[in-house]
Structure formats: structure tokens, C-alpha cells
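Because the structure is predicted, anything quoted here is derived from the model rather than measured. The chains referred to below are lettered A, B, ... by the order of the sequence lines, with proteins before strands, and numbering in each begins at 1.
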Number of protein chains: 2
Amino acid sequence: MAKQAQENQLSEATQQRLLEAAGEVFAEHGFKAATVREISTKAGANVAAVNYHFGGKEGLYKAVFRLAHRCSHGQAEQMMGSGLNVEERLGLFVRGFLENIFCEGQAAWHGKLMTREMTEPTSALDELVREEIQPRECVLEGICRELLGKNATKDQAEFCARSVIGQMIFYYHARPVITRLFPDFEYGPEGIVKVAEHVTRFSLAGMRKYKDEGRGR
Amino acid sequence: MAKQAQENQLSEATQQRLLEAAGEVFAEHGFKAATVREISTKAGANVAAVNYHFGGKEGLYKAVFRLAHRCSHGQAEQMMGSGLNVEERLGLFVRGFLENIFCEGQAAWHGKLMTREMTEPTSALDELVREEIQPRECVLEGICRELLGKNATKDQAEFCARSVIGQMIFYYHARPVITRLFPDFEYGPEGIVKVAEHVTRFSLAGMRKYKDEGRGR
DNA sequence: TGACTTTTCAAACAAGTGTTTTAATCTACT
DNA sequence: AGTAGATTAAAACACTTGTTTGAAAAGTCA
């Protein structure tokens, strides 16, 4: 048992390598389809290392999630922005969300892992919703509520928040279809910026008009 | 080899049972995670039956897709509707799409299989896009174009079409998250109708306003 | 250095996968 | 009834999966 081993440099190195590799592989294949052998190989470690350091595949998965949570702690509060009007805050939220999902830099697997957990939930979903998704949804719902005006119900704000998120996440979930259906669309940084601009504009327009038609329903 | 066996009643019965069971299991677990043993058991057939009748797991998968295509042939054209204005056609499209995805009746697996292929593409995706997705996208894009007015570019119509689809499909892909995040929302028929009404209203409003702000970009 | 723990590694294990085999059963036709 | 072909069924096969094992290597501290 390695309980006092957290100060060891070498073992920590393999633990870190394992975590990083696991993040990528889990994000790419999902929990079930990912294999500990691919993770171990990618980390340059032995197959047994996963069981030794994390007690098994599931332990590794949870450790990856804990790491991810630590990395993005307080990101929702930061999203709030201060001294900005509603339109700007919505634009910021949308752009930040998309960058989080489509970023290719360090820890690109974090957003992907989060998104995958949405469609293939594991036991880690409850914690994920509580720690990361709920706070962000709260921010977005607040923005929607402000845009919809005082007459809007909580129900309407929730529907609109889901519409905003849905528009964005569609580009992630349906990527294979989109690339086939719209060959001109490219998923690079400039493409994502265009998506952000459209979603912001579309949603802003939608909620403004939504508000004016409030008596229609 | 069973080549002249298509007239046989009994064998056809097991083939049909196998196809039906496979549709459900593939839709629920995806191609890779589905097991031929679960399919066989569900169909009340032997494990070897899959290989005997369809040449293997992949052959069965493709047969399931061919069956699904046959079932929903010409559904896009029917969606066009005639003698209806744009708003009504959008409402019809949205409602039809959602019913297709969330229907619980016979062949409920068809929509689920289609949706799963979006996120976990196999070799069947190209055919699926060509046969089913492309035609429907075409209809929706036409509606969007009409709503956006003559000044709108093809690019804008495509973005708006993706926004409409994204709003709806989000309820499918992120179902585990939505049920946790919005405990009051229920996925029954009445819930789906509410989604359809909201998406239609939100998108209609979005595109109308989008159109008016055409010079802003 | 030398005992002690921690970590690594190759090998093997048990369970589950799709597929094949082989024989038994059923169906259809004369 | 009898024969040939089509279908079913049980068993085994080859392979991959996560996990365990036992010994070798590396590190730690006196």
C-alpha cells in the first residue's frame, strides 16, 4: 500500500503521467471503452501501475475528475463579470463556454470529459453536476432572466438557458455529422468564434422578441 | 449459406426478431458496447444465429440500418407540408423531429440509433447522413432562409438551422444532466410538447430579430 | 553498507467478447 | 418414408478486458 508515497518524486511523476494520459483517453473513448492498457502505454508505465496507484480503473477515473475539478474551480464566478451589461455578459459566457469545450491547449480533455459524462453518465455525474454544471447554469439562467424581463417565469428562463447551451453543445456532440453536412465549416478557432457570435446574436434576438410576445402564451 | 431462405417463414421470423432486438440494444448501448449475446437472448435465439443470418455483428448492424431507412423513407418530403406558411412549417418540423427522437412506441429505437450515430459514428454514418439527415436539413434550411428574408446569406441560414436542431437534440444528449439540473422537467409527452412550443417560439423570434439586425454584421 | 519499504515489471488469471465448429433438428420436396 | 438442404443449438476457440501475483529494482534511512 502506498499511503505515505505522495511525497515521493518518482511515484508522483508516474501518478501525474497516469492522470494526464487517463484524462485524454477517457475523454476520447469514454469510461467503458477506454482501456487501462492504452492509458498505461501512453503514460509510459506498466499496466499494473493503475491498480497500484489508484486501486483500479474506476479509482483512476474518479481521481481524474477530482483533478479536473481542482483545475477549474471558481470558473463560474469568474464568468459573472462585473460592470458589464447583460448583452456583454451573455457574449462572454458563450465565448467562454465554447472555448472550454473546444480548446486544444493544455488539459483539453477536461471539457471533453465533462461533455462525455453528459451522454454516458457514470457515478461521477452527480458530483460533476453539483460542482461545475449547476453553478454555470445558475449564471446563465440569471442572464436569461434579466434579458426576459421581470414578467418572465422561472420556467421560461430555464427553457431559454437550455436553448443557449443546446445550440453550443450541438457543435460538440454532432461534430461528425456537421463536418459531413457542412464541409465548408471548419472547427478551428476562427470557426468557433463565428459560432460564438451567431449563438449570442441568435439567442439575444430570441429572448428580446420572446419578451415582447409575452402575452401570446 | 442461406441465400434462398428469404421465403422461409421460420427463419424469417428469427431474422425479424433478431433485427428488432438488435435495434433496441444497439440504440441503447451503441455498436461497440452492445453484445451479440444480449441481442440473441432478447430475440430468443442462439448466439450463433447472428453469424448465421447476418455474417457477424457488423452485418447485423448494417441490416438494422437498412431496415430503419426503409421504415422512414420519404419522411422529409412529408415534412414539407403544403399550403402552410413558414411559421406553421417550422412548428411542424420541430414537433415532428422531437416526436421522432422521443417517441416510445413501435420502433422507438430508430430515432435513438440515429442520434447515437451522431456522437459515436461508425461506417454507417455516411449513408445515414445521405439518406436521412441531409434531406431534413435541407427542409429546415429552406424554412430558415425564408424566415431570414432575401438578404440573408446561405451561411446565416445554415447557422440558424443548426441552432434549431441543437436546441432540440440537447434534450436527448444531455438527458441525464437535465433530469438532475431541472427536477421539475419531465420527459413525458406533455414535456416534449412544451419543448416543441418553446423551441419554435424562441427560434422564430430569434430569426425575425436576426433579420432586422441584418446590417449589424 | 544493509535492512526496510516503496515502486516497477513481466507474467498469468478470470471473465467477457465475437466467432467458429460440429452435430442435432427441422423443413420441404419426391 | 426418405433424402437433401436449411436452421438451430451447445460447446469450444481466439482474443481482449481489468486485475492479481511474485519477484526484481529503486529508493530511504540507520
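- Between the OH atom of B/Tyr52 and the C1' atom of C/dA23 there is a distance of 15 Å, given to the nearest Å.
- Atom NZ of A/Lys32 is separated from atom P of C/dG16 by 11 Å (rounded to the nearest Å).
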Name each donor-acceptor pair under 3.5 Å that joins a side chain in residues 25-39 of chain A to protein atoms two or more places apart or in another chain, with its distance.
from    : atom 1 : to      : atom 2 : distance (Å)
A/His29 : NE2    : A/Glu38 : OE1    : 3.4
A/Thr35 : OG1    : A/Glu38 : N      : 3.1

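- When distances are taken from the side chain of B/His53 to each of D/dT7, C/dT7, C/dC9, the shortest belongs to D/dT7.
- Between the CD atom of A/Glu58 and the C1' atom of D/dG18 there is a distance of 12 Å, given to the nearest Å.
- Considering only the side chain of B/Lys57, C/dG18 comes nearest among D/dA10, C/dG18, D/dT8.
- In this structure, the side chains of B/Arg95 and B/Leu98 stay at 4.5 Å or more apart for every pair of heavy atoms.
- A side chain to side chain contact (heavy atoms under 4.5 Å, CB included) with A/Ser203 is found for one member of A/Leu147, A/Ile165, A/Leu140, A/Val164 and no other, namely A/Val164.
- Of the possible polar contacts, none joining the A/His173 side chain to the B/Thr119 backbone as a donor-acceptor pair under 3.5 Å is found.
- Between A/Arg162 and B/Tyr171, the side chains place a donor N or O and an acceptor N or O closer than 3.5 Å (distance only, hydrogens not considered).
- Nearer to the 5' terminus of DNA chain D, by closest-nucleotide assignment, is the contact made by B/Gly44 (compared with the other of B/Gly44 and A/Asn51).
- For the contact set between residues 34-42 of chain B and DNA chain C, defined by any heavy atom under 4.0 Å, the members are B/Ala34, B/Thr35, B/Val36, B/Arg37.
- If you measure from atom CG of A/Leu18 to atom P of C/dC9, you get 11 Å, rounded to the nearest angstrom.
- The side chain of A/Thr14 contributes no N or O atom lying less than 4.0 Å from OP1 or OP2 of C/dT7.
- Taking 4.0 Å as the cut-off between side-chain N and carboxylate O, A/Glu158 and A/Lys154 count as a salt-bridged pair.
- Taking 4.0 Å as the cut-off between side-chain N and carboxylate O, A/Glu190 and A/Lys194 do not count as a salt-bridged pair.
- For the pair A/Phe54 CZ and D/dT20 C1', the interatomic distance rounds to 18 Å; values are reported in whole Å.
- Here B/Val47 lies in heavy-atom contact (under 4.0 Å) with a base.
- Between B/Asn46 and D/dT7, a side-chain N or O to OP1/OP2 separation shorter than 4.0 Å is absent.
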